Amino acid sequence: MQHIPASSLEDLPSRIAYLSSFLTLTAEDGEALLASKPLVAPLVPAILDAVYTKLLSFDITAQAFVPRNTGYEGETVKSVQELTMSHPQIAMRKDFLKNYLVKLVSTSDLSPQSPFWVYLNNVGIMHTGKPGFKHREKRPDLRVEYVHMGALLGYVVDIVVGAVMEMSEIDNVMKSRVIRALNKVVWIQNDLFARHYIGKVEVETLTPPPEEVAEELAEARKGGCPFSR
């Protein structure tokens with residue numbers, strides 16, 4: 001049995017080492033993602049259009065593109081209704097997502113010390129509105145709630161998995177390798193979002209639930225989460 005001190009998970013490489021071990025993320029997964037790059041890269045423009053069409057179809061997600069984003073110096077809109085796919089600020093954000101998608105299938109190093117994980121961790125930090133980047137010191141807070149980030153990750157994965165399954169250039173074995181590797185990396189990315197949004201919870205300070213809720217929880221634990229007590 002491996003011993004994982006809870007305190008060690010505050011350190012990024014240690015956290016990645018634990019998650020990689022739990023998910024069985026290996027160098028072979030990195031090789032599968034790298035091998036898929038020539039096939040996935042041409043799909044990026046279509047993925048970007050699909051993602052931003054989705055983001056602009058809900059006012060709650062489109063709202064993030066109304067304020068001036070870091071690095072954008074052009075005109076801004078006054079309301080979500082004015083946003084279009086051709087707006088310069090949307091084009092800038094699409095470039096950021098393009099770089100992210102390409103990076104997912106470009107790294108040859110998935111070791112815990114890889115700069116790749118520092119990049120994914122920074123992607124998590126930058127959407128929380130927390131300080132931590134010099135270029136945002138005098139900028140308004142940029143915060144996109146975790147529910148939207150999680151939904152976006154799920155949507156991107158669904159598009160990529162569907163595209164990989166339709167590829168005729170690779171056999172089913174390779175499709176499985178690519179999809180499984182992507183799934184592992186994206187779940188780690190999800191954790192690197194969650195760790196900055198959720199923060200630490202001191203169990204001892206939690207208020208006990210009302211009696212009727214406690215009874216429902218006890219009933220749910222009978223066939224529920226493997227970590228339930």
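Keep in mind it's a predicted model, so treat the numbers as computed, not measured.
Put simply, the side chain of R93 never gets that close to the backbone of Y52: no donor and acceptor are under 3.5 Å apart. Judged by distance alone, with hydrogens and angles left aside, the side-chain atoms of S20 form no donor-acceptor pair with the main-chain N or O of A17 at under 3.5 Å. No donor-acceptor distance shorter than 3.5 angstrom exists from the side chain of W117 to the backbone of I16, with no hydrogens or angles considered.
For S8, the side-chain contact (heavy atoms from CB on, under 4.5 Å) partners two or more places apart in sequence, or in a different chain, are I4, P5, S14. Under the side-chain contact (heavy atoms from CB on, under 4.5 Å) criterion, S111 pairs with D109, Q113, S114, sequence neighbours left out. The side chain to side chain donor-acceptor pair (under 3.5 Å) test applied to S86 returns T84, not counting sequence neighbours. For K94, the salt bridge (charged side-chain N to carboxylate O under 4.0 Å, His left out) criterion is met by D49, not counting sequence neighbours. Evaluation of the salt bridge (charged side-chain N to carboxylate O under 4.0 Å, His left out) rule for E145 yields R143 as partners, not counting sequence neighbours. Residues satisfying the ring-ring contact (aromatic ring centres under 6.0 Å, His included) test with Y146, not counting sequence neighbours, are Y197. For R15, the salt bridge (charged side-chain N to carboxylate O under 4.0 Å, His left out) partners are D191, not counting sequence neighbours. When the side chain to side chain donor-acceptor pair (under 3.5 Å) test is applied to Y119, no partner is found at least two apart in sequence or on another chain.
The CD1 atom of I188 lies 12.0 Å from the CZ atom of F22; values are rounded to the nearest 0.5 Å. The distance from the CG atom of L97 to the CE atom of M92 is 12.5 Å, given to the nearest 0.5 Å.
Clustering ILVMFWY residues whenever any of their side-chain heavy atoms sit less than 4.5 angstrom apart, transitively, puts F116 in the very cluster that holds F96. Cluster membership check: V118 shares its hydrophobic cluster with L192, using side-chain heavy-atom separations under 4.5 Å among Ile, Leu, Val, Met, Phe, Trp and Tyr.
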Identify each donor-acceptor pair in which a side-chain atom of residues 60-67 lies under 3.5 Å from a protein atom, sequence neighbours left out, and give them as a table.
residue	atom	partner	partner atom	Å
T61	OG1	L55	O	2.6
T61	OG1	F58	O	3.1

Distance-only check: which donor-acceptor pairs under 3.5 Å involve side-chain atoms of residues 151-172, not counting sequence neighbours?
residue	atom	partner	partner atom	Å
D171	OD1	V173	N	3.2
D171	OD1	M174	N	2.8

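The side-chain heavy atoms of V178 and V105, taken from C-beta on, include no pair separated by under 4.5 Å.
Listed by chain and number, the hydrophobic cluster partners of M1 come to none, as no ILVMFWY side chain reaches under 4.5 Å of it.
Closest of all the heavy-atom pairs between R195 and L9 is NH2-O, 3.8 Å. Residue V102 comes nearest to K37 through the heavy atom pair CG1-CE, 4.3 Å, listed as atom of the first residue, atom of the second, then distance. A pairwise comparison of heavy atoms in Q2 and S21 identifies NE2-OG, 3.1 Å as the closest pair.
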_side chain to side chain contact (heavy atoms under 4.5 Å, CB included) evaluation trace for L19 with L25_ = CA-CA 8 Å; L19 292 170; L25 181 72; over 6 Å; no
*Go through L33 and L182 one step at a time and tell me if the side chain to side chain contact (heavy atoms under 4.5 Å, CB included) criterion holds.*
CA-CA 7 Å; L33 290 174; L182 177 68; 4.1 Å; yes
*Which is it for L34 and T107 under the side chain to side chain contact (heavy atoms under 4.5 Å, CB included) test, yes or no, and what are the steps along the way?*
CA-CA 7 Å; L34 202 57; T107 183; over 6 Å; no
_Test log, rule side chain to side chain contact (heavy atoms under 4.5 Å, CB included), inputs F193 and T128_ = CA-CA 8 Å; F193 279 125; T128 62; over 6 Å; no
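Screening residues 175-184 for side chain to side chain donor-acceptor pair (under 3.5 Å) gives D29-K184, N183-W187 as the qualifying pairs, with residues at least two apart or on separate chains.
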